[in-house]
Protein chains: 2
Amino acid sequence: MNSTRALEVLKEHGYKHTKQREKLLTLLDQHDDIYVSVKQLWEEFSEDFPGASYDTVYRNLYTLADIGILETTSLDGEKQFRFHCDTSDHHHHFICTACGKTSAIHLCPVEDVALSLPGHQIDNHKFEVYGKCPACH
Amino acid sequence: MNSTRALEVLKEHGYKHTKQREKLLTLLDQHDDIYVSVKQLWEEFSEDFPGASYDTVYRNLYTLADIGILETTSLDGEKQFRFHCDTSDHHHHFICTACGKTSAIHLCPVEDVALSLPGHQIDNHKFEVYGKCPACH
DNA sequence: GTGTTAAATGATAATGATTACGATCTAGGA
DNA sequence: TCCTAGATCGTAATCATTATCATTTAACAC
Ligand SMILES: [Mn+2]
Ligand SMILES: [Mn+2]
Ligand SMILES: [Zn+2]
Ligand SMILES: [Zn+2]
(Lines give C-alpha, C1' and ligand atoms only; values in the text may rest on other atoms or scores of the structure.)
(Ligands and ions follow the chains in the order given, each with its own letter.)
Protein backbone atom coordinates (compact mmCIF):
# COMPACT_ATOMS: atom_id res chain seq x y z
CA MET A 1 0.00 0.00 0.00
CA ASN A 2 1.16 3.54 -0.78
CA SER A 3 -0.22 7.07 -0.73
CA THR A 4 -1.32 7.10 -4.37
CA ARG A 5 -3.32 3.91 -4.05
CA ALA A 6 -4.61 5.03 -0.66
CA LEU A 7 -6.16 8.18 -2.14
CA GLU A 8 -8.04 5.98 -4.62
CA VAL A 9 -9.34 3.75 -1.86
CA LEU A 10 -10.46 6.79 0.11
CA LYS A 11 -12.44 8.00 -2.91
CA GLU A 12 -13.94 4.53 -3.42
CA HIS A 13 -15.24 4.74 0.13
CA GLY A 14 -16.76 8.17 -0.47
CA TYR A 15 -14.19 10.15 1.47
CA LYS A 16 -13.04 13.53 0.24
CA HIS A 17 -9.59 14.32 -1.06
CA THR A 18 -8.15 16.94 1.29
CA LYS A 19 -4.74 18.55 1.52
CA GLN A 20 -4.49 17.21 5.06
CA ARG A 21 -5.15 13.60 4.06
CA GLU A 22 -2.71 13.87 1.18
CA LYS A 23 -0.02 15.17 3.52
CA LEU A 24 -0.71 12.45 6.07
CA LEU A 25 -0.39 9.76 3.43
CA THR A 26 2.84 11.29 2.18
CA LEU A 27 4.24 11.13 5.69
CA LEU A 28 3.22 7.49 6.00
CA ASP A 29 4.94 6.83 2.68
CA GLN A 30 8.13 8.24 4.14
CA HIS A 31 7.93 5.74 7.00
CA ASP A 32 7.63 2.66 4.84
CA ASP A 33 7.46 -0.60 6.82
CA ILE A 34 7.78 1.41 10.04
CA TYR A 35 5.24 1.78 12.82
CA VAL A 36 4.75 5.43 13.79
CA SER A 37 2.76 6.94 16.65
CA VAL A 38 -0.05 9.48 16.31
CA LYS A 39 2.04 11.99 18.21
CA GLN A 40 5.02 11.72 15.90
CA LEU A 41 2.87 11.95 12.79
CA TRP A 42 1.08 14.97 14.23
CA GLU A 43 4.41 16.70 14.90
CA GLU A 44 5.62 16.10 11.35
CA PHE A 45 2.18 17.06 10.06
CA SER A 46 2.27 20.34 11.98
CA GLU A 47 5.36 21.49 10.09
CA ASP A 48 3.16 21.92 7.01
CA PHE A 49 -0.05 22.70 8.89
CA PRO A 50 0.86 24.85 11.90
CA GLY A 51 -1.89 24.70 14.48
CA ALA A 52 -3.37 21.57 12.95
CA SER A 53 -5.85 19.85 15.19
CA TYR A 54 -4.48 16.73 16.82
CA ASP A 55 -7.91 15.26 16.30
CA THR A 56 -7.59 15.63 12.53
CA VAL A 57 -4.50 13.45 12.46
CA TYR A 58 -5.95 11.05 14.99
CA ARG A 59 -9.33 10.73 13.28
CA ASN A 60 -7.87 10.24 9.83
CA LEU A 61 -5.50 7.55 11.01
CA TYR A 62 -8.41 5.63 12.46
CA THR A 63 -10.44 6.14 9.28
CA LEU A 64 -7.53 4.85 7.21
CA ALA A 65 -7.18 1.85 9.48
CA ASP A 66 -10.93 1.20 9.31
CA ILE A 67 -10.95 0.88 5.55
CA GLY A 68 -7.88 -1.33 5.53
CA ILE A 69 -5.29 1.15 4.32
CA LEU A 70 -3.32 1.10 7.54
CA GLU A 71 -2.55 -1.56 10.08
CA THR A 72 -2.01 -0.86 13.74
CA THR A 73 -0.39 -2.20 16.83
CA SER A 74 0.02 -0.98 20.38
CA LEU A 75 3.43 -0.37 21.95
CA ASP A 76 3.62 0.79 25.58
CA GLY A 77 -0.07 1.63 25.50
CA GLU A 78 0.40 3.90 22.48
CA LYS A 79 -1.19 3.09 19.17
CA GLN A 80 1.12 2.87 16.15
CA PHE A 81 0.27 2.98 12.44
CA ARG A 82 1.80 1.88 9.14
CA PHE A 83 0.61 1.10 5.63
CA HIS A 84 -0.99 -2.28 5.30
CA CYS A 85 1.25 -4.82 3.64
CA ASP A 86 0.63 -5.47 -0.05
CA THR A 87 1.29 -9.17 0.13
CA SER A 88 -1.84 -11.27 0.05
CA ASP A 89 -0.51 -13.97 2.36
CA HIS A 90 -1.36 -13.89 6.03
CA HIS A 91 1.74 -13.01 7.98
CA HIS A 92 3.08 -11.28 11.08
CA HIS A 93 5.87 -8.89 11.99
CA PHE A 94 9.09 -8.49 13.82
CA ILE A 95 9.11 -4.95 15.23
CA CYS A 96 12.27 -3.07 16.12
CA THR A 97 11.76 -1.39 19.49
CA ALA A 98 14.37 1.23 18.62
CA CYS A 99 13.17 2.51 15.24
CA GLY A 100 9.79 0.84 14.65
CA LYS A 101 11.04 -0.91 11.50
CA THR A 102 9.23 -4.15 10.74
CA SER A 103 10.23 -7.39 9.05
CA ALA A 104 7.77 -9.95 7.78
CA ILE A 105 7.36 -13.28 9.54
CA HIS A 106 5.94 -15.81 7.10
CA LEU A 107 4.92 -18.27 9.71
CA CYS A 108 1.68 -18.40 11.62
CA PRO A 109 0.86 -20.99 14.25
CA VAL A 110 -2.83 -20.22 14.61
CA GLU A 111 -4.07 -23.18 12.54
CA ASP A 112 -2.22 -25.66 14.72
CA VAL A 113 -3.43 -23.88 17.82
CA ALA A 114 -7.06 -24.21 16.76
CA LEU A 115 -6.67 -27.99 16.71
CA SER A 116 -5.44 -28.00 20.30
CA LEU A 117 -8.35 -25.91 21.57
CA PRO A 118 -11.52 -27.90 20.95
CA GLY A 119 -14.69 -26.07 21.93
CA HIS A 120 -13.02 -22.68 21.62
CA GLN A 121 -14.20 -20.15 19.05
CA ILE A 122 -11.13 -18.35 17.71
CA ASP A 123 -11.86 -14.82 16.50
CA ASN A 124 -8.41 -13.36 16.02
CA HIS A 125 -4.85 -13.53 17.21
CA LYS A 126 -1.72 -11.51 17.71
CA PHE A 127 1.81 -12.66 17.08
CA GLU A 128 4.57 -10.10 17.27
CA VAL A 129 8.29 -10.46 17.84
CA TYR A 130 10.19 -7.54 19.35
CA GLY A 131 13.88 -6.69 19.35
CA LYS A 132 16.51 -4.75 17.45
CA CYS A 133 16.66 -4.75 13.67
CA PRO A 134 20.03 -5.24 11.92
CA ALA A 135 20.50 -1.47 11.61
CA CYS A 136 19.82 -0.78 15.29
CA HIS A 137 21.82 -3.42 17.14
CA MET B 1 0.90 -19.36 41.71
CA ASN B 2 -1.60 -18.66 44.50
CA SER B 3 -2.12 -16.16 47.31
CA THR B 4 -0.37 -18.22 49.99
CA ARG B 5 2.78 -18.65 47.94
CA ALA B 6 2.57 -15.04 46.79
CA LEU B 7 2.70 -13.75 50.36
CA GLU B 8 5.91 -15.73 50.87
CA VAL B 9 7.46 -14.28 47.74
CA LEU B 10 6.50 -10.79 48.87
CA LYS B 11 8.30 -11.37 52.17
CA GLU B 12 11.33 -12.78 50.36
CA HIS B 13 11.53 -9.51 48.47
CA GLY B 14 11.31 -7.46 51.65
CA TYR B 15 7.73 -6.32 51.19
CA LYS B 16 5.44 -6.04 54.19
CA HIS B 17 2.43 -8.19 54.83
CA THR B 18 -0.56 -5.87 54.83
CA LYS B 19 -4.28 -6.49 55.04
CA GLN B 20 -4.66 -4.79 51.68
CA ARG B 21 -2.14 -7.02 49.92
CA GLU B 22 -3.70 -10.11 51.46
CA LYS B 23 -7.12 -9.06 50.25
CA LEU B 24 -5.83 -8.30 46.78
CA LEU B 25 -4.22 -11.72 46.52
CA THR B 26 -7.40 -13.38 47.73
CA LEU B 27 -9.30 -11.62 44.98
CA LEU B 28 -6.78 -12.78 42.40
CA ASP B 29 -7.16 -16.31 43.74
CA GLN B 30 -10.88 -16.09 43.08
CA HIS B 31 -10.16 -15.23 39.44
CA ASP B 32 -7.94 -18.20 38.73
CA ASP B 33 -6.72 -18.38 35.12
CA ILE B 34 -8.67 -15.23 34.37
CA TYR B 35 -7.35 -11.83 33.35
CA VAL B 36 -8.89 -9.03 35.43
CA SER B 37 -8.59 -5.27 35.06
CA VAL B 38 -7.34 -2.87 37.73
CA LYS B 39 -10.73 -1.23 37.79
CA GLN B 40 -12.61 -4.45 38.48
CA LEU B 41 -10.17 -5.51 41.18
CA TRP B 42 -10.42 -2.06 42.77
CA GLU B 43 -14.21 -2.30 42.83
CA GLU B 44 -14.14 -5.72 44.50
CA PHE B 45 -11.38 -4.50 46.80
CA SER B 46 -13.46 -1.50 47.86
CA GLU B 47 -16.19 -3.71 49.24
CA ASP B 48 -13.84 -4.65 52.06
CA PHE B 49 -11.91 -1.37 52.11
CA PRO B 50 -14.38 1.44 51.44
CA GLY B 51 -12.56 4.54 50.28
CA ALA B 52 -9.47 2.56 49.38
CA SER B 53 -7.05 4.44 47.18
CA TYR B 54 -7.11 3.35 43.58
CA ASP B 55 -3.38 3.88 43.66
CA THR B 56 -2.98 1.21 46.32
CA VAL B 57 -4.54 -1.43 44.10
CA TYR B 58 -2.75 -0.17 41.05
CA ARG B 59 0.68 0.08 42.69
CA ASN B 60 0.45 -3.33 44.30
CA LEU B 61 -0.57 -5.00 41.06
CA TYR B 62 2.50 -3.55 39.38
CA THR B 63 4.70 -4.59 42.30
CA LEU B 64 3.33 -8.12 42.10
CA ALA B 65 3.93 -8.21 38.36
CA ASP B 66 7.46 -6.86 38.83
CA ILE B 67 8.50 -9.71 41.11
CA GLY B 68 6.95 -12.33 38.86
CA ILE B 69 3.85 -13.16 40.87
CA LEU B 70 1.46 -11.84 38.25
CA GLU B 71 1.48 -11.77 34.50
CA THR B 72 -0.15 -9.06 32.46
CA THR B 73 -1.61 -8.32 29.09
CA SER B 74 -3.35 -5.37 27.53
CA LEU B 75 -6.90 -5.58 26.16
CA ASP B 76 -8.42 -2.49 24.55
CA GLY B 77 -5.70 -0.34 26.02
CA GLU B 78 -6.46 -1.56 29.53
CA LYS B 79 -3.98 -3.57 31.51
CA GLN B 80 -5.14 -6.93 32.84
CA PHE B 81 -3.62 -9.11 35.56
CA ARG B 82 -3.64 -12.75 36.63
CA PHE B 83 -1.44 -15.09 38.65
CA HIS B 84 1.60 -16.28 36.80
CA CYS B 85 1.27 -19.87 35.60
CA ASP B 86 2.94 -22.52 37.73
CA THR B 87 4.09 -24.60 34.80
CA SER B 88 7.77 -24.24 34.06
CA ASP B 89 7.40 -24.65 30.31
CA HIS B 90 7.26 -21.60 28.10
CA HIS B 91 3.74 -21.24 26.75
CA HIS B 92 1.10 -18.76 25.62
CA HIS B 93 -2.61 -18.21 26.11
CA PHE B 94 -5.95 -18.24 24.47
CA ILE B 95 -7.98 -15.42 26.08
CA CYS B 96 -11.76 -15.35 26.14
CA THR B 97 -12.91 -11.85 25.22
CA ALA B 98 -16.16 -12.37 27.09
CA CYS B 99 -14.98 -13.54 30.51
CA GLY B 100 -11.19 -13.21 30.47
CA LYS B 101 -10.69 -16.93 31.01
CA THR B 102 -7.45 -18.27 29.59
CA SER B 103 -6.38 -21.61 28.17
CA ALA B 104 -2.78 -22.66 27.73
CA ILE B 105 -1.25 -22.93 24.28
CA HIS B 106 1.70 -25.30 24.43
CA LEU B 107 3.17 -24.23 21.15
CA CYS B 108 5.55 -21.39 20.52
CA PRO B 109 6.86 -20.46 17.11
CA VAL B 110 9.57 -18.05 18.23
CA GLU B 111 12.48 -20.45 17.80
CA ASP B 112 11.61 -21.06 14.16
CA VAL B 113 11.10 -17.34 13.63
CA ALA B 114 14.59 -16.55 14.93
CA LEU B 115 16.07 -18.70 12.17
CA SER B 116 14.24 -16.74 9.51
CA LEU B 117 15.42 -13.37 10.82
CA PRO B 118 19.22 -13.31 10.52
CA GLY B 119 20.81 -10.17 11.92
CA HIS B 120 17.84 -9.45 14.16
CA GLN B 121 18.20 -9.44 17.93
CA ILE B 122 15.05 -10.92 19.41
CA ASP B 123 14.26 -9.61 22.91
CA ASN B 124 10.71 -10.85 23.48
CA HIS B 125 7.52 -11.79 21.74
CA LYS B 126 3.79 -11.86 22.15
CA PHE B 127 1.48 -14.58 20.95
CA GLU B 128 -2.14 -14.45 22.04
CA VAL B 129 -5.26 -16.01 20.58
CA TYR B 130 -8.61 -14.34 21.24
CA GLY B 131 -12.14 -15.65 21.03
CA LYS B 132 -14.87 -17.29 23.09
CA CYS B 133 -14.15 -20.05 25.56
CA PRO B 134 -16.38 -23.16 25.63
CA ALA B 135 -18.49 -21.69 28.44
CA CYS B 136 -19.09 -18.38 26.63
CA HIS B 137 -19.94 -19.39 23.09
C1' DG C 1 -18.08 30.29 -12.23
C1' DT C 2 -21.68 30.41 -8.50
C1' DG C 3 -24.36 28.41 -5.06
C1' DT C 4 -25.46 24.46 -2.07
C1' DT C 5 -24.53 21.04 1.20
C1' DA C 6 -22.54 17.30 3.51
C1' DA C 7 -18.16 16.28 5.07
C1' DA C 8 -13.77 17.76 7.10
C1' DT C 9 -11.21 20.63 10.00
C1' DG C 10 -9.93 23.53 14.02
C1' DA C 11 -10.38 24.78 18.68
C1' DT C 12 -11.38 23.18 22.78
C1' DA C 13 -12.95 20.34 26.36
C1' DA C 14 -14.26 15.74 28.43
C1' DT C 15 -13.01 11.15 29.49
C1' DG C 16 -10.44 7.32 31.27
C1' DA C 17 -6.21 5.02 32.39
C1' DT C 18 -2.01 5.72 34.47
C1' DT C 19 1.31 8.00 37.40
C1' DA C 20 2.92 11.29 40.99
C1' DC C 21 3.13 13.37 45.59
C1' DG C 22 2.85 14.73 50.34
C1' DA C 23 0.48 13.77 54.71
C1' DT C 24 -0.85 10.15 57.60
C1' DC C 25 -0.78 5.47 59.15
C1' DT C 26 1.18 0.98 60.29
C1' DA C 27 3.98 -3.46 60.06
C1' DG C 28 7.80 -5.23 61.93
C1' DG C 29 12.03 -5.00 64.27
C1' DA C 30 14.80 -2.91 68.32
C1' DT D 1 6.62 0.01 74.00
C1' DC D 2 9.01 2.88 70.66
C1' DC D 3 10.95 3.90 66.19
C1' DT D 4 11.06 4.06 61.36
C1' DA D 5 10.93 2.64 56.68
C1' DG D 6 7.51 1.41 53.99
C1' DA D 7 2.46 1.42 52.87
C1' DT D 8 -1.80 3.68 52.35
C1' DC D 9 -4.87 7.57 51.57
C1' DG D 10 -6.46 11.59 49.40
C1' DT D 11 -5.82 14.18 45.77
C1' DA D 12 -4.03 15.96 41.70
C1' DA D 13 -1.16 15.77 37.39
C1' DT D 14 -0.22 13.60 33.12
C1' DC D 15 -1.10 11.37 28.85
C1' DA D 16 -3.65 9.13 25.17
C1' DT D 17 -7.97 8.95 23.42
C1' DT D 18 -12.61 10.59 22.33
C1' DA D 19 -16.35 14.06 21.97
C1' DT D 20 -18.51 18.51 20.72
C1' DC D 21 -19.57 22.28 17.93
C1' DA D 22 -18.56 26.37 15.14
C1' DT D 23 -16.21 27.27 10.92
C1' DT D 24 -14.25 25.94 6.60
C1' DT D 25 -14.05 23.48 2.33
C1' DA D 26 -14.42 19.66 -1.31
C1' DA D 27 -17.60 17.82 -4.41
C1' DC D 28 -21.45 18.32 -7.10
C1' DA D 29 -25.48 20.52 -9.59
C1' DC D 30 -26.73 24.33 -12.11
MN1 LIG E 1 4.34 -7.34 6.30
MN1 LIG F 1 -0.77 -20.75 31.35
ZN1 LIG G 1 -1.42 -15.34 12.04
ZN1 LIG H 1 6.68 -18.03 23.06
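Since we're looking at a predicted model, the values are computed, not measured. A note on names: the letters A, B, ... follow the listed sequences, proteins ahead of strands, and every chain is numbered from 1.
Within 4.0 Å (heavy atoms only), A:N60 reaches sugar-phosphate atoms of the nucleic acid but no base atom. Among the atoms of the strands shown, none is found under 4.0 Å from any heavy atom of B:F49. Among the heavy atoms of the strands lying under 4.0 Å from A:Y54 is at least one base atom, whether or not backbone atoms are also near. Counting non-hydrogen atoms under 4.0 angstrom, A:G51 reaches the backbone sugars and phosphates but no base. Residue contacts shown for A:R59 include a base, since a base heavy atom lies under 4.0 Å away. Contacts of A:K11 with the nucleic acid, taken as non-hydrogen atoms under 4.0 Å apart, are absent.
Distance, A:I67 CD1 to C:dA7 C1': 14 Å, rounded to whole Å. Put simply, CD on B:E22 is 15 Å from C1' on D:dA7, counting in whole angstrom units. Atom NZ of B:K19 is separated from atom P of C:dC25 by 14 Å (rounded to the nearest Å). If you take CH2 of B:W42 and P of C:dG16, they are 13 Å apart, rounded to a whole angstrom. Residue A:Q80 contributes atom CD, which lies 11 Å from atom P of D:dA16 at whole-angstrom precision. Per the geometry, OH belonging to B:Y15 stands 11 Å off P belonging to D:dT8, to the nearest Å. One atom, NE2 of A:H13, and another, P of D:dA26, lie 22 Å apart when rounded to the nearest Å.
Of the candidates C:dA17, C:dG10, D:dA26, C:dA17 carries the atom nearest the B:E78 side chain, counting heavy atoms from C-beta on. Here the nucleotide nearest the side chain of A:D55, chosen from D:dA19, D:dT17, C:dT9, is D:dA19. Here C:dT18 is the nucleotide among D:dA7, C:dT18, D:dA26 with the atom lying nearest to any side-chain atom of B:V38. In this structure, of C:dG28, C:dA17, C:dA11, it is C:dA11 that holds the atom nearest to the side chain of A:S53.
A donor-acceptor contact under 3.5 Å links the side chain of B:K16 to the base of D:dA5.
A:E44 pairs in a side chain to side chain donor-acceptor pair (under 3.5 Å) with only one of the listed residues (A:K39, A:Q30, A:H31, A:K23), which is A:H31.
Between B:R5 and B:E12 there is a salt bridge, with a side-chain nitrogen of the basic residue lying less than 4.0 Å from a carboxylate oxygen of the acidic one.
Side chain of B:D33 to backbone of B:T102: no donor-acceptor contact under 3.5 angstrom is found. Remark: side-chain polar atoms of A:D29 are paired, donor with acceptor, to backbone N or O of A:S3 under 3.5 angstrom.
Along DNA chain C, the nucleotide nearest B:H17 and the nucleotide nearest B:Y62 are compared for position; the residue whose nucleotide lies closer to the 5' end is B:Y62.
For A:K16, there are no salt bridge (Lys or Arg N to Asp or Glu O under 4.0 Å) partners, not counting sequence neighbours.
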